[in-house]
Amino acid sequence: MVHLASHADFKALLRCEGAEGHFAYVAPPFNFNAPGVAKYPPEVTGHFLLNSLCRRIGWNSLSGRRLLDFGCGVRFARAIVNLAINIDLYAGIDANREAISWLQSEIRDPRFRFEHLDMLNLKYQANGSSSVDEGALERLALADFDAACMFSVITHQRPKDSGLIFSMLYRCVKRGGGLYFTAHIDETVHDYVERDPSQPCRLSIYHPDFLIDLVRKSGWVVERTYLPSPFQQAAFVCRKPPID
Ligand SMILES: C[S@@+](CC[C@H](N)C(=O)[O-])C[C@H]1O[C@@H](n2cnc3c(N)ncnc32)[C@H](O)[C@@H]1O
């Protein structure tokens, strides 16, 4: 026989401990991911890729970490908020002013920071500025990050912009910190090509050795590389040397 607690039992057992944690949910009205990725909920691919980043860079989790995400789009912020992922600071930088404004106004949580960078990109920001310099992020007081990351961002950059981005990020990450990024590589191309020269930056393809040289010129040490895997292209794990 099922025993049902009486009303009197319920009252006697009742605890008034306040709200059960903080609930937050965001649904940014933007998508920057390819159709094969965007068919899954952003939280699913975002969580999967953040786990991959942690594992490959040598972290147990994002807990206690400061992560700088260049070309952030909206997916990782969405995943961190909606899945209540622990993180010390997530700073997202993007050339898309509308997306950054949306994130700034909708995510009012001190663990998040979003900054717009007006930088020319022939696919994403054709009217952007071509005079961004290596200190642009540092001047926004973006400093002391445990790591910087870029998912599908170098995939859409000309070499001179990739070099500039690697240098900008180098200045924002602490000594011994990491850089994780993905790129489209192909050992059969000479240095770098655009898959479709009539649509520059739609798909920028690099010879891996050429790309590694570019990364090294900015001071990073390339520690490991990975072949493409679900939801991400070839990946590079780099380290800022602990001492000069
Ligand atoms: C393919 S989307 C990837 C978005 C996000 N990283 C993700 O994986 O969901 C590329 C993003 O990089 C941004 N982007 C491209 N070039 C940029 C630049 N030079 N400066 C800042 N953001 C840039 C675009 O606006 C876009 O949001």
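Start at 1 and go down the list; that is how both ligands and their atoms are numbered. Heads up: numbering here begins at 1 and tracks the sequence.
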K.L.:
Report the nearest protein non-hydrogen atom to atom 3 (C) of ligand 1: residue, atom name, distance rounded to 0.1 Å.
P.N.:
Phe151 O, 3.5 Å
K.L.:
Check Ser218 against Ser167 and note the closest heavy-atom contact, atom names and distance.
P.N.:
OG-OG, 3.3 Å
K.L.:
Can you give me the closest heavy-atom contact between Val173 and Lys240, atom names plus distance?
P.N.:
O-NZ, 2.8 Å
K.L.:
Check the angle between the aromatic planes of Phe166 and Phe181 and answer parallel, tilted or perpendicular using the 30° and 60° thresholds.
P.N.:
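Geometry flag for Phe181 against Phe166: tilted rings.
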K.L.:
Does atom CG (Leu227) have a neighbourhood of more than 12 heavy atoms from anything else shown, all under 6.0 Å?
P.N.:
no
K.L.:
What part of Ala34 sits under 4.0 Å from ligand 1 if we count only heavy atoms: the side chain, the backbone, both or neither?
P.N.:
neither
K.L.:
Would Arg56 pass as a cation-pi partner of Tyr180, given that its NZ or CZ must be under 6.0 Å from the six-membered ring centre and within 45 degrees of the axis?
P.N.:
no
K.L.:
Can any side-chain N or O of Asp88 pair as donor or acceptor with the backbone N or O of Arg66 at less than 3.5 Å?
P.N.:
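Flag not set: sc Asp88 to bb Arg66 has no pair under 3.5 Å.
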K.L.:
Do Phe151 and Phe76 make the cut of ring centroids closer than 6.0 angstrom?
P.N.:
yes
K.L.:
Could you tell me the residue and atom name of the protein heavy atom closest to atom 2 (S) of ligand 1, and the distance to it rounded to 0.1 Å?
P.N.:
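The closest heavy atom on the protein side is Phe32 O, 3.3 Å.
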K.L.:
Which of the listed options, Phe76, Phe70, Tyr124, holds the heavy atom that is closest to atom 1 (C) of ligand 1?
P.N.:
Tyr124
K.L.:
Does ligand 1 come near enough to Ala95 that some N or O of the ligand is less than 3.5 Å from an N or O of the residue?
P.N.:
yes
K.L.:
Within a distance under 4.0 Å of any heavy atom of Asn121, pick out the atoms of ligand 1 and give their elements.
P.N.:
16 (N)
K.L.:
Look at atom 12 (O) of ligand 1 and find which of Cys201, Gly71, Ala79 reaches it with the closest heavy atom.
P.N.:
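Heavy atom nearest to atom 12 (O) of ligand 1 belongs to Gly71.
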K.L.:
For Met119, take its heavy atoms, then give the atoms of ligand 1 lying under 4.0 Å from any of them.
P.N.:
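Answer for ligand 1: 19 (N).
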K.L.:
If you measure from atom 17 (C) of ligand 1 to every heavy atom of Gln157, Arg78, Gln232, Glu115, which option wins on shortest distance?
P.N.:
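When every heavy atom of Gln157, Arg78, Gln232, Glu115 is considered, Gln157 comes closest to atom 17 (C) of ligand 1.
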K.L.:
Ignoring hydrogens and geometry, is there a side-chain-to-backbone donor-acceptor pair from Arg239 to Trp220 under 3.5 Å?
P.N.:
no
K.L.:
Between the side chains of Tyr206 and Ser162, is a donor N or O closer than 3.5 angstrom to an acceptor N or O?
P.N.:
yes
K.L.:
Quick one: look up the protein heavy atom nearest atom 8 (O) of ligand 1 and list residue, atom name and how far away it is.
P.N.:
Arg75 NH2, 2.7 Å
K.L.:
If you measure every N or O of Ser152 against every N or O of ligand 1, does any of those distances drop under 3.5 Å?
P.N.:
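By distance alone, the answer is no.
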K.L.:
Of all the heavy atoms in Asp94, does at least one lie under 4.0 Å from an atom in ligand 1?
P.N.:
yes
K.L.:
Looking only at distance, does Asp69 have an N or O less than 3.5 Å from an N or O of ligand 1?
P.N.:
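N/O-N/O distance below 3.5 Å does not exist for this pair.
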K.L.:
Ligand 1 versus Asn33, non-hydrogen atoms closer than 4.0 Å: side chain, backbone, both, neither?
P.N.:
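Within the 4.0 Å criterion, Asn33 contacts ligand 1 through side-chain atoms alone.
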